[in-house]
**Student:** 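Input: one structure, supplied below.
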Amino acid sequence: MWGGRFAEGPSAIMREINASIPFDKALWRQDIAASKAHVAMLAQQGIVSSEDAAAIAGGLDTVASEYEASGVPENWDLEDIHMTTESRLAELIGPAAGRLHTARSRNDQVATDFRLWVRDAIDHADAGLEALQKALVTRAGEHAASIMPGFTHLQTAQPVTLGHHLMAYYEMAARDRSRFADARARMNRSPLGAAALAGTGFPIDRHMTAAALGFDGPTANSLDSVSDRDFALDYLMSAAQTALHLSRLAEEFIIWASQPFGFVRLPDSLSTGSSIMPQKKNPDAAELVRSHSGRIVGCLTALMITMKGLPLAYSKDMQDDKPPVFEAAGLLTLCLAAMTGMVAETTFRTDRMRAAAELGYATATDLADWLVRQANIPFREAHHITGAAVKLAESRGAALDQLPLAELKAIDARIDERVYAALSVEASVAARASHGGTAPVEVGKRVAEARAALGLE
Ligand code: ARG
């Protein structure tokens, strides 16, 4: 493509290090679409004849059907998807193919193709997150009143409902979707027509190509257009944040599935056995979601470091923008599907959860709150009195509500028999009906809002 200036061809190493076709062939649909938009514009502006434009458009359709049928050929001499397609077009239609590259460069071409690809990846991530949200609200609705221990420091803290716990992940997924939506709105400008870096002397219409490709309009600065990879970073940041959430959810399932907890029976379809220990059922899918999330963060780091020192405008370093984005997108799709399946199909062992909520003096705060409300004791003092009650219960190996009233009264005479009503785990969760609290009625409200937002029912 540039033979005119060179006496010698590239060395084998140069060909190999330069070739991006092994990975950027994934952009072929976007490359064909952008070329078709470009040549239609060149014809409308009278920059190429309508006959040549028609031959080019028809040839591009043929190339597309060839790629569809037998894949994109990988010839390192042709470097990348742009040259591979143009060279095949020339074989098919002859010299008119050479007019396609008028008023553009591979720099604006790849920036355009990649934006289109990332835009689709955002839509795909959004659909995956929506499916996860649907699974979460469905299970949360079933378990709005199922009681489990709530933890801080992974120590029993206060009873919560399983529905509330699951809806916490619904909220995370909602933020993830809004982060992807922000990224999409920001990236949806067309760099096509920025050409190599400075724009072009041909009378192109960038608004026309932008509209044809579904962009909101053209980008404003040609140097920025070919050097900007913020859209890819925005995507990776959103993906990384989503991956962190999925990893935390995976970790919950891993803990819950362990025998001392026994809170869940994972679906067989998302577990594996052991080749030596016949009793084992391992949470491998969840563990791999946890590890894949680390790889996704690695992809973000890789592109951030690739971009950080680059002067304007295009540098070849930027060819390496694609593998981390492709890798992250593939991993994210898998992780979303795995966690959606896990949420939808896990058996929650609510009997075990409820029994665990009875342990660990989870209603101690309720005793303190009762002392504040019924005996008008300052919270700090109530906290102290309750601490003494917990100590006593611990020495007896009993739950708080199993302590006889006489013994509670010996700790503080203001305690009376009404306290027992406050000490059950049901009373504890029902009491926490503040906005966003764990009370079944509050959880039910939020589930209903979420179902409406998701268009369920
Ligand atoms: N394959 C290249 C990339 O992905 C296309 C742009 C090449 N531009 C250039 N001036 N060498 O970045």
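Order of appearance sets the numbers: ligands from 1, and atoms from 1 within every ligand. When reading the values below, keep in mind they use all heavy atoms of this one structure, side chains included, and skip hydrogens, waters and symmetry mates.
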**Student:** Assess the side chains of Ser105 and Tyr314: does a donor N or O sit below 3.5 Å from an acceptor N or O?
**Tutor:**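 The criterion, which ignores hydrogens and geometry beyond distance, is not satisfied for Tyr314 and Ser105.
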**Student:** Is it true that Asp24 and Lys322 have a side-chain N and a carboxylate O under 4.0 angstrom from each other?
**Tutor:**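 Judged by the 4.0 Å cut-off on N to carboxylate O distance, Asp24 and Lys322 do not form a salt bridge.
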**Student:** Could you tell me whether the side chain of His165 reaches within less than 4.5 Å of the side chain of Thr161, counting heavy atoms only?
**Tutor:**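 The answer is no; the side chains never approach within 4.5 Å.
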**Student:** Put together the list of close N/O pairs, under 3.5 Å, between ligand 1 and the protein, could you?
**Tutor:**
unit_1, atom_1, unit_2, atom_2, d
ligand 1, 1 (N), Ser20, OG, 3.3
ligand 1, 1 (N), Asp80, OD2, 2.9
ligand 1, 1 (N), Gln319, OE1, 2.7
ligand 1, 4 (O), Lys322, NZ, 2.8
ligand 1, 8 (N), Asn107, OD1, 2.8
ligand 1, 10 (N), Asn107, OD1, 3.1
ligand 1, 12 (O), Tyr314, OH, 2.3

**Student:** Check this for me: does any side-chain nitrogen of one of Lys25 and Asp80 sit under 4.0 Å from a carboxylate oxygen of the other?
**Tutor:**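 Here Lys25 does not pair with Asp80 in a salt bridge, since their nearest N and O are not under 4.0 Å apart.
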**Student:** Quick one: list whatever passes side chain to side chain donor-acceptor pair (under 3.5 Å) with Asp284, sequence neighbours left out.
**Tutor:**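 Per chain and number, Asp284 pairs via side chain to side chain donor-acceptor pair (under 3.5 Å) with Thr272.
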**Student:** Test Trp76 against every option in Ser20, Pro22, Pro10 by the side chain to side chain contact (heavy atoms under 4.5 Å, CB included) rule and name the one that passes.
**Tutor:**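 By the side chain to side chain contact (heavy atoms under 4.5 Å, CB included) criterion, Trp76 pairs with just one of Ser20, Pro22, Pro10: Pro22.
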